[in-house]
Amino acid sequence: MSKEAVLAMLEETADLSDIAGENPFKVRAYRRAIDALNAVKDSIEELVSSGRLREIEGVGESIAKDIQEFLERGTTQRLEKLRKRYPSQLRRLLEIQGVGPKTVALVYDRLNVQTVEELEAAAKEGKLNGLPGMGAQKIRNILEGIQLWRQHQARVPLHIALELAESVVESLKGVPGVMDILPAGSLRRWKETIGDIDILVSTKDSAPVMDRFVTLPLVQKVLAHGSTKSSVLMANNIQVDLRAVDPESFGAAAQYFTGSKAHNISLRSRALKKGLTINEYGVFRVDTEEKVAGRTEEEVYAAVGLPWIPPELREDRGELERAEEGRLPVLITLADIKGEPHCHTKWSDGAQSVEEMARAARVRGYEYLAITDHSPPMGWGVKPERYKELIKEIRRVSDQLGFPILAGIEVDIAPDGSLYMDEDILRQLDIVIASVHSAFKMTKEQMTERIVRALENPLVDVLGHPTGRLINQRPPYEVDIQAIVKKAKETGVILEINGSPERLDLSDENARYAREEGVPLIIGTDAHHEHHLDFMKFGVAVARRAWCEKKDIINTLSVKELTERLTAREKKVKKVRKVVAPAGLFPAAPTGRKKGTAPPTQSASAGKAKTSADAGSVKSQGKKK
DNA sequence: GCCGTTTTCGGCCCGACTGTTTTCAGTCG
């Protein structure tokens with residue numbers, strides 16, 4: 001039984017309980033348990049069999065019993081009872097903005113409305129008129145909510161939200177009276193997708209900035225326009241909320257509106273135990289109502305006896321406990337990154353030359369760049385003969401610019417786990433990233449075996465975008481991430497945090513898991529154009545959300561340390577398997593072997609030819625320094 | 001339903017905005 005199935009059962013129970021009008025704290029208890037289970041990596045079976053289920057904070061006797069029953073019977077009595085009262089499909093109605101559990105119960109009880117289509121029809125036919133609390137405006141809002149729901153079902157990718165937020169901030173900065181302005185919410189926490197954009201302004205006079213905000217050129221619809229809060233829908237269906245606060249409360253408001261919700265609830269509970277209450281205006285004593293903090297976020301956390309917590313950590317994943325112990329991680333920053341390990345040129349599907357990419361990397365203050373073009377079988381992949389030329393070109397440009405460029409490759413992992421490139425080419429390279437780009441629809445076992453085989457290959461340094469997902473476009477392929485992490489740990493292969501904003505793969509949660517298991521990570525942008533080198537900030541954000549420090553990320557090393565690390569792995573790997581390109585893949589026989597015959601195999605003692613004796617390589621340049 | 005350094009009962013984060021109502025309920029974050 002998958003954890004997803006158990007969580008889905010709990011979510012359905014929570015939603016239907018909510019619609020059924022049960023004690024709201026009971027509903028919240030279910031949602032808290034879902035969050036808590038989500039944060040735990042172990043499978044449900046492991047938790048149950050080891051008796052640790054009840055140890056999870058938020059899972060009590062009743063929910064543990066539900067889970068146990070669900071594992072045995074595939075359903076629970078509680079859920080079946082709720083389903084008899086309210087059909088499951090009602091839950092979809094909750095996704096409509098402005099429609100909550102009370103409205104859902106009302107239209108179902110009175111009109112037997114069960115689907116979005118039925119709700120729309122009921123609204124249009126005037127059947128909602130006369131229901132309690134149902135006026136003309138509310139009905140119009142429901143109809144508009146349905147329109148929106150149809151257009152806007154996915155969350156917005158981080159980079160798109162960031163761009164929009166920056167443009168709104170730019171437009172509001174100059175409005176008279178605005179003293180400070182800060183994008184808050186999930187955007188400030190650098191979550192991979194954003195629901196709404198929250199922007200906070202500090203001002204003594206909020207009317208001008210509110211008025212300006214609701215009339216910005218991009219505004220499509222004004223959802224709310226108050227003196228401290230306004231909400232608009234921008235042209236691309238992204239909702240932006242603006243909140244205005246007095247400068248005396250800016251820190252408290254920044255803390256409050258940055259969230260996450262779970263983090264704030266935990267923080268508030270903690271404050272209450274100290275006789276303090278926190279809201280967006282400040283921290284107050286419960287007894288005397290005296291304000292003790294609010295101007296800065298540091299003050300707010302200090303009032304509760306904690307150091308300031310970086311926004312990326314504010315997910316209620318243990319950061320408050322660690323802060324209390326004074327053991328918060330010193331998170332990696334963009335400035336710690338010394339080089340770019342993953343990019344493409346027009347030799348494969350990139351847009352620019354080796355030299356252009358190298359110059360762009362140097363402009364960004366990097367010490368080095370790795371060129372990692374594609375291998376076949378992709379149409380644009382560089383074939384072995386040509387790859388030899390590419391290596392020469394890389395060495396030539398590196399010498400000419402006096403800038404270390406690692407010769408690398410992003411080689412495809414074949415369905416059987418072998419690599420689509422001749423082994424003698426791979427041996428000449430400074431860095432080998434292996435990635436899956438095809439045959440995504442394998443079973444979990446097959447895909448895991450495929451990748452595990454690649455990780456066992458001593459020529460592989462890095463596993464690229466380990467789950468293959470494209471945010472909002474393609475789910476990750478089925479793979480046992482725990483097995484991959486375990487194998488990476490065993491073999492010393494580095495796992496990539498791919499910072500391309502449409503990938504962000506590993507995700508923050510998987511990256512955190514890998515880090516906790518002691519597996520080294522590297523942040524690459526997968527740049528296909530020099531502008532893409534700036535995606536590094538997104539990769540760093542994922543690393544920060546994964547609690548990574550500088551020492552956890554391999555490309556914070558100097559070029560010398562990095563190349564030594566890559567060589568060391570090669571020496572360390574003892575267990576070696578056959579490393580081959582599938583027979584007959586390449587029409588020519590560039591390695592001298594006869595077409596159609598079995599390709600040569602690899603032995604551990606052979607090693608790669610990238611040693612200090614390889615005078616032309618960047619590796620040796622690094623070592624001489 | 002969960003939880004407990006005062007508690008096994010009685011709290012549980014809390015305020016803004018909207019709409020419908022005329023003092024408040026529902027929704028949202």
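Below, chains carry the letters A, B, ... as their sequence lines are ordered, and counting in each starts from 1. Only a predicted model underlies this, so the values are computations on that prediction, with no experimental measurement involved.
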Problem - Earlier contact from the 5' end, DNA chain B, for A:K138 and A:A64 - result: A:A64
Problem - Toward the 5' end of DNA chain B, by each residue's nearest nucleotide, A:R54 or A:L94 - result: A:R54
Ignoring the backbone of [X], work out which of [options] is nearest its side chain.
X      : options                : result
A:T277 : B:dG19, B:dC28, B:dC14 : B:dC14
A:N279 : B:dC14, B:dG19, B:dA16 : B:dC14
A:D196 : B:dG29, B:dC17, B:dC14 : B:dG29
A:Q97  : B:dG29, B:dG26, B:dC14 : B:dG29
A:N23  : B:dG29, B:dC17, B:dC12 : B:dC12
A:F25  : B:dC17, B:dC3, B:dG1   : B:dG1
A:E280 : B:dG29, B:dG15, B:dC2  : B:dG15
A:T228 : B:dC17, B:dG29, B:dC14 : B:dC17
A:K102 : B:dG29, B:dC2, B:dT27  : B:dT27

Problem - Working for side chain to side chain contact (heavy atoms under 4.5 Å, CB included), residues A:Q239 and A:K221 - result: CA-CA 9 Å; A:Q239 184 176 327; A:K221 178 173 163 53; over 6 Å; no
Practice task
Compute whether any side-chain donor of one residue and acceptor of the other, for A:Q97 and A:N141, lie under 3.5 angstrom apart.
Solution key: no
Problem - Side-chain donor-acceptor contact under 3.5 Å, A:R140 with A:Q137 - result: yes
Practice task
Give a yes/no answer on whether the side chain of A:N141 brings an N or O atom under 4.0 Å of OP1 or OP2 in B:dT18.
Solution key: no
Completion exercise
Under a 4.0 Å heavy-atom cutoff, the residues of residues 67-90 of chain A touching DNA chain B are A:R78
Practice task
Please list, by residue number, the residues of residues 247-268 of chain A whose heavy atoms come closer than 4.0 Å to an atom of DNA chain B; answer none if no residue qualifies.
Solution key: A:Y256, A:K261, A:I265, A:R268
Exercise for the section: With heavy atoms under 4.0 Å as the rule, sort A:V27 into base, sugar-phosphate or nothing. Expected result: nothing
Practice task
Quick one: the dot-bracket string of DNA chain B, using Watson-Crick and G-U wobble pairs with both distances under 3.5 Å, [ ] for crossing pairs and | for bases paired to another strand.
Solution key: ((((....)))).((((((....))))))
Handout entry: Matching residue for A:T193 among A:I471, A:I160, A:V156, A:L158 - test: side chain to side chain contact (heavy atoms under 4.5 Å, CB included)
Key = A:I471
Exercise for the section: Specify the separation, in whole Å, of atom CG of A:D18 and atom P of B:dT27. Expected result: 9 Å
Fill in the blank from the handout: A:E95 atom CD is separated from B:dC28 atom P, nearest whole Å, by 12 Å
